[in-house]
2 protein chains.
Amino acid sequence: MTDTAKPRIEEVARVAGVSKSTVSRVINGEQYVSARARNAVHEAIAQLGYSPNQAARSLAGNRANAIALVVSEQGSRVLSDPFFASVLRGVHAELTGRRIQLLLMMSQPADNIDLVAYLSGGHVDGALLVSLHGADPLVAMLTGIRLPVVACGRPLGGSVPFVDADNFNGGLEAGRHLVSLGRRRVATIAGPRDMAVGMDRLSGWRRAMSEARLADDLVQEADFTPESGARAMASLLEREPELDAVFVAADIMALGALQVLHARGLRVPSDVAIVGFDDSVLASTATPPLTTVRQDVEQLGRTMTWRLLAELAGEPDLPPSLLLPTSLVHRASA
Amino acid sequence: MTDTAKPRIEEVARVAGVSKSTVSRVINGEQYVSARARNAVHEAIAQLGYSPNQAARSLAGNRANAIALVVSEQGSRVLSDPFFASVLRGVHAELTGRRIQLLLMMSQPADNIDLVAYLSGGHVDGALLVSLHGADPLVAMLTGIRLPVVACGRPLGGSVPFVDADNFNGGLEAGRHLVSLGRRRVATIAGPRDMAVGMDRLSGWRRAMSEARLADDLVQEADFTPESGARAMASLLEREPELDAVFVAADIMALGALQVLHARGLRVPSDVAIVGFDDSVLASTATPPLTTVRQDVEQLGRTMTWRLLAELAGEPDLPPSLLLPTSLVHRASA
DNA sequence: GGGCCCGCAGAAAGCGATCTCGGAAACTGT
DNA sequence: ACAGTTTCCGAGATCGCTTTCTGCGGGCCC
């Protein structure tokens with residue numbers, strides 16, 4: 001009954017009684033095709049169950065119809081992060097409907113050269129950069145080959161278009177909230193110095209402290225793991241046993257901090273109030289549930305993708321970078 | 001200095017002083033190429049920074065050089081799961097080095113037909129199926145188009161090759177451990193009835209109970225979310241306030257269960273011992289840290305990929321399915 | 001009514017690889 | 001020395017599309 005071989009454009013053309021060119025025009029939604037022809041083609045496509053061969057399209061059309069999601073993973077930690085999962089979901093959401101494939105690529109610093117060679121090989125039309133650290137040489141290499149690129153989060157080095165949450169404002173709100181609770185000895189567990197996320201949230205917190213004329217010296221750096229969060233908390237407590245609030249720049253680090261506080265018999269929030277960042281699933285399941293700065297990570301993924309596709313489509317006057325709003329989610333921990 | 005246009009195979013051939021055919025042979029590692037020619041080609045490639053055009057390769061070679069990772073996502077919950085992230089990492093690890101791309105595809109039941117059309121369109125050489133529920137129609141549709149496929153976890157319906165953790169054994173070990181602790185009223189929060197993971201772990205637990213001649217009636221189903229875990233725990237406590245142990249079929253559900261226990265003033269492990277499953281990051285950061293059944297999820301991803309590639313390579317006598325070992329990780333909760 | 005523009009459609013030339021053929025060396029064995 | 005292999009190499013067709021480029025009607029203007 002059904003043909004075993006998958007139909008080609010030629011076949012569709014024959015069935016529709018038009019030429020290959022016309023079928024191609026219909027598929028690509030070009031103008032100058034009569035309604036009659038268009039319908040005939042659509043019917044033929046449906047009848048044959050035709051689906052165009054991507055490889056041929058890319059080859060002939062001189063574009064890949066694919067974008068890469070480049071995960072710059074130091075220690076491959078990134079992927080375990082729910083953050084990444086949400087970005088991915090957003091990216092995918094924005095991509096559905098358009099015939100664009102998502103290629104997943106991970107870069108170890110070691111094979112950056114291979115990566116760049118591949119990306120410059122015309123295999124993808126653009127790239128989304130996730131989890132850049134410091135002045136990642138990748139950024140420079142990529143801008144060098146003039147491949148359209150959008151970064152997830154403000155990169156510290158280079159100047160690529162990026163989309164990010166309004167981290168400064170998030171830190172500011174977190175700090176203000178803790179202050180409004182009457183806390184006077186407020187600490188922060190910041191992100192690593194080599195990532196803008198960390199620095200921006202820290203700046204926001206600092207601003208809040210200075211607004212309230214409080215000291216902003218209780219800063220401890222950590223690296224977005226629960227363990228580092230625990231260590232940072234311990235060291236803060238050592239420096240200032242009397243601290244009564246902490247802004248932790250990521251929920252996942254807040255978990256570690258919580259453990260340490262529990263272990264020392266300090267109660268949250270009565271002894272120490274905690275505000276996290278991300279509003280990940282971790283925040284709502286923690287004990288106690290974390291008050292945290294919500295960022296819409298899925299929206300972040302969507303916006304990045306939108307920005308990249310817009311650039312690919314040649315839209316003029318695109319903003320180089322975009323900041324997404326954050327908001328404080330009130331739960332039990334502060 | 002450097003040529004702006006990216007070099008083609010023709011260019012490489014010219015520089016190396018051989019024909020396109022020979023360059024192609026070298027690139028694809030075929031035999032019957034002299035060492036002299038091989039070296040010349042390699043040098044030319046390095047000198048020109050040549051990277052073959054995937055689209056052209058796929059078109060001419062009649063294979064896609066790509067595999068799809070199909071995430072069957074009801075409510076897109078899957079992606080947030082660290083489990084998925086680890087699988088992904090494993091898949092990617094196995095893929096590096098070979099020139100094979102990973103396409104990420106998500107399927108809503110609604111557009112299964114589109115998905116299948118795409119997959120059968122020769123755009124990918126095979127597919128990895130993640131997070132199948134019950135007798136997902138996707139499986140049948142996919143086997144129908146004879147696309148090589150490997151599932152992540154035993155699918156309930158259909159009969160596709162799959163790789164899975166030894167869930168039965170994991171449940172068994174968990175149950176035995178609780179029994180060995182002297183617990184006599186052991187409950188379980190199982191996975192959903194329509195997923196083999198859940199059922200297999202449950203069977204293992206049942207086996208352990210019967211070995212110890214204990215009742216196996218305290219079973220409550222949940223759906224791999226913290227909230228459902230909490231609800232299940234609450235309902236178990238209602239049915240049997242005296243229960244002294246719970247095997248929770250996923251760490252993420254165990255978090256919910258823990259919250260409920262905390263809320264009721266029950267202490268873990270003294271009042272109620274808990275064993276989770278997965279050994280995800282959640283397990284070690286929970287309060288108290290969870291004793292859990294470890295499965296090497298990354299290895300799972302690698303094994304799936306290996307199995308799929310082996311099939312694509314036409315290797316004979318491949319085992320239809322593979323079970324990966326599990327082991328109990330002792331922490332504070334049991 | 002002749003020239004033009006406009007809307008539409010088909011023929012054919014690529015896109016950049018792979019792969020089939022057939023031929024030419026280089027080795028065999030006798 | 002000669003036929004028969006085995007190893008190596010190149011010419012050219014081919015993959016399934018997109019994209020010019022050209023052509024053809026028909027309405028409009030003058």
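- Comparing D:dT7, C:dA9, C:dG16 by their nearest atom to the side chain of B:Asn53 picks out C:dG16.
- Looking at A:Leu324 and A:Asp296, their side chains never come closer than 4.5 Å, going by heavy atoms from C-beta outward.
- Applying the 6.0 Å contact sphere to CD of B:Glu10 captures no more than 12 heavy atoms from other residues, nucleotides or ligands.
- Residue contacts shown for A:Ala55 are absent, as no nucleic acid heavy atom lies under 4.0 Å away.
- Distance, B:Gln31 CD to D:dT7 C1': 9 Å, rounded to whole Å.
- At distances below 3.5 Å, at least one donor-acceptor pair connects side-chain atoms of B:His123 with backbone N or O atoms of A:Pro52.
- To the nearest angstrom, P of C:dG10 lies 12 Å from CD1 of A:Ile9.
- For A:Glu11 and D:dC15, the CD to P distance is 14 Å, given to the nearest whole Å.
- For the pair B:Gln54 CD and C:dT18 C1', the computed distance is 13 Å after rounding to whole Å.
- Proximity of B:Tyr32 to the phosphate of D:dT7: a side-chain N or O atom is located under 4.0 Å from OP1 or OP2.
- Minimum atom distance to the side chain of A:Thr22 is reached by C:dA9, of the listed C:dA17, D:dC9, C:dA9.
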Scoring nucleotides 19-27 of chain C by protein non-hydrogen atoms under 4.0 Å (B base, S sugar-phosphate only, - none) yields BB-------
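- Of the candidates D:dT18, C:dA17, C:dC8, the closest approach to any side-chain atom of A:Ser34 belongs to C:dC8.
- Using a distance-only test at 3.5 Å, with no hydrogens or angles considered, a donor-acceptor pair links the side chain of B:Asp164 to the main chain of B:Arg154.
- Which of D:dG16, C:dA17, D:dG10 sits closest to the side chain of B:Ser19 comes down to D:dG10.
- Protein atom CD1 of A:Ile45 is 10 Å distant from nucleotide atom P of D:dC17, rounded to whole Å.
- Of the candidate nucleotides D:dG16, C:dA9, C:dA17, C:dA17 has the atom nearest to the side chain of B:Ala56.
- Side-chain contact check for A:Gln54 versus A:Asn65: some heavy-atom pair is nearer than 4.5 Å.
- Using a 4.0 Å cut-off between charged nitrogen and carboxylate oxygen, B:Arg14 and B:Glu11 count as a salt-bridge pair.
- If you measure from atom CD1 of B:Ile27 to atom P of C:dA17, you get 7 Å, rounded to the nearest angstrom.
- Taking atom CD of residue A:Glu10 and atom P of nucleotide D:dC17, one finds them 9 Å apart after rounding to whole Å.
- Considering only heavy atoms from C-beta on, B:Arg302 stays 4.5 Å or farther from B:Val91 through its side chain.
- A straight line from CG of B:Leu59 to P of C:dC15 spans 14 Å, rounded to a whole angstrom.
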